[in-house]
Protein chains: 2
Amino acid sequence: MIIKIDMNSETALYEQLVNSVVWGIATGRLKPGEKMPTVRKLAVDLGINLHTVNKAYAILKQKGYLSAHRNMGAVVNEASAYTADEAFKESIKEWMKPFVAECLARGMDSDETASLVREAALEIKNETEGFA
Amino acid sequence: MIIKIDMNSETALYEQLVNSVVWGIATGRLKPGEKMPTVRKLAVDLGINLHTVNKAYAILKQKGYLSAHRNMGAVVNEASAYTADEAFKESIKEWMKPFVAECLARGMDSDETASLVREAALEIKNETEGFA
DNA sequence: TTATTTGTTATATAACAACTATAACAAATA
DNA sequence: TATTTGTTATAGTTGTTATATAACAAATAA
């Protein structure tokens with residue numbers, strides 16, 4: 001999988017990396033068992049520091065998406081390691097609320113706002129840029 | 001309107017203020033024409049610096065929610081100043097995508113994800129904490 | 001007019017986060 | 001034993017957040 005980052009983005013590099021991997025899993029381009037590039041190799045490929053990649057991998061491990069063992073690189077976990085349980089849904093809902101509130105403030109109703117998200121989901125599934 | 005902030009939150013103070021005002025408009029507790037507390041008064045009430053409040057007000061002005069004139073305090077704009085136009089919907093969709101991607105990665109489908117957002121919208125509308 | 005209020009701007013400082021640079025340690029493999 | 005690779009440690013730079021003072025500009029009140 002090819003991962004790209006945007007040095008001009010307001011989003012932190014390590015966050016872009018986290019998003020890229022989650023995105024890859026969401027689209028099915030990254031499958032359980034697949035090997036990730038080593039922190040050192042990915043850092044060189046992207047022209048960034050090893051620690052920035054390492055921080056992203058640590059977060060992805062903590063979220064359950066990756067496993068890592070010394071000298072073996074990182075590997076994508078089985079789907080059972082990152083399920084959409086109630087706790088996850090609650091936290092995601094809270095994270096999204098500021099955005100949802102802005103939609104409501106601008107006159108959209110619950111269904112319109114939900115539709116926007118459904119569109120976003122469909123766009124993600126059809127997305128192919130940034131991966132290979 | 002009473003605005004509360006959480007000094008222990010990971011969210012920046014000025015962002016919490018922005019969110020509070022948007023939230024107030026979304027729930028109808030803040031209506032067009034309503035006067036906001038002065039930057040100095042709100043800063044004192046919350047026990048934070050004047051500049052932190054000023055930064056939040058500047059962002060809210062830029063987004064169209066507030067107007068401010070010297071010696072007159074800030075006022076909530078008419079709804080026509082902050083509509084959900086196409087540009088807004090596009091940007092919101094992009095902002096939400098990382099969260100949506102995480103839902104998809106965890107096996108939720110477009111409809112389930114959209115439902116989660118509909119729930120969030122309904123919860124916001126029923127929310128009464130933090131305002132008066 | 002003069003004084004006051006209030007948004008705005010300008011510095012300066014401290015604390016923290018993000019990123020980088022080096023280096024070293026620990027476990028698995030060749 | 002040497003190499004690879006995840007991990008940890010330390011330190012420095014830069015940008016952001018928040019604070020503290022101070023001053024300026026426009027509107028209002030006395």
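Each chain gets a letter, A, B and so on, in the order the sequences are listed, and its residues count up from 1.
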Whether B:W95 and A:F99 hold their rings parallel, tilted or perpendicular, with breakpoints at 30° and 60° |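 Because their plane-to-plane angle is under 30°, the rings of B:W95 and A:F99 count as parallel.
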
Should we say atom NZ of A:K35 is surrounded by more than 12 heavy atoms from elsewhere, each under 6.0 Å from it?
-> no

5'-most by nearest nucleotide on DNA chain C - A:T52 or B:Y57 =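 Comparing both residues, the 5'-ward one is B:Y57.
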
Nearest-nucleotide wise, let me know which of A:H69 and A:G47 is further upstream toward the 5' end of DNA chain C.
->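 Closer to the 5' end of DNA chain C: A:G47.
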
Identity of whatever pairs with D:dG15 - Watson-Crick or G-U, under 3.5 angstrom |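 By the stated definition (distances under 3.5 Å), C:dC16 pairs with D:dG15.
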
Would you mind pulling out the nucleotide paired to C:dA28, Watson-Crick or G-U wobble, both distances under 3.5 Å?
-> D:dT3

Figure out the [atom1]/[atom2] separation between [X] and [N], and round it to whole Å.
X     : N      : atom1 : atom2 : value
A:L46 : C:dT20 : CG    : C1'   : 15 Å
B:D45 : C:dT6  : CG    : P     : 12 Å
B:R70 : D:dA27 : CZ    : C1'   : 10 Å
A:N71 : C:dT29 : CG    : P     : 7 Å
B:E10 : C:dA18 : CD    : C1'   : 15 Å
B:D6  : D:dA18 : CG    : P     : 12 Å
B:L50 : C:dT6  : CG    : C1'   : 10 Å
B:L42 : C:dT6  : CG    : P     : 13 Å

What's [X] touching, base or sugar-phosphate or nothing? Going by heavy atoms closer than 4.0 Å.
X     : result
B:Y14 : sugar-phosphate
A:K61 : sugar-phosphate
B:A74 : sugar-phosphate

Quick check for you: among [options], whose closest atom lies nearest to any side-chain atom of [X]?
X     : options               : value
B:I48 : D:dT8, D:dT19, D:dG6  : D:dT19
A:N49 : C:dT22, D:dT5, D:dA27 : C:dT22
B:L13 : D:dT19, D:dT28, C:dT9 : D:dT19
B:V39 : D:dT28, C:dT20, C:dT8 : C:dT8
B:R40 : C:dT8, D:dT17, C:dC19 : C:dT8
A:N54 : D:dT7, C:dA28, D:dT17 : D:dT7

Looking at B:E119 and A:K89, does any basic side-chain N land under 4.0 Å from a carboxylate oxygen?
->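 No, B:E119 and A:K89 are not salt-bridged.
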
Partners passing side-chain contact (heavy atoms from CB on, under 4.5 Å) against B:R40 (at least two apart in sequence or in another chain) = B:T38, B:L50

Minimum heavy-atom distance between B:A56 and B:L17, given as atom pair plus value |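 That closest heavy-atom pairing would be CB-CB, 3.6 Å.
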
Could a donor-acceptor pair under 3.5 angstrom be found where the side chain of B:H51 meets the base of D:dT21?
-> yes

Is there a donor-acceptor pair closer than 3.5 Å between any side-chain N or O of A:E34 and the backbone N or O of A:K31?
-> yes

A:K55 side chain near C:dA18 phosphate (N/O to OP1/OP2, under 4.0 Å) =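 Answer yes for this pair, as a side-chain N or O of A:K55 is under 4.0 Å from OP1 or OP2.
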
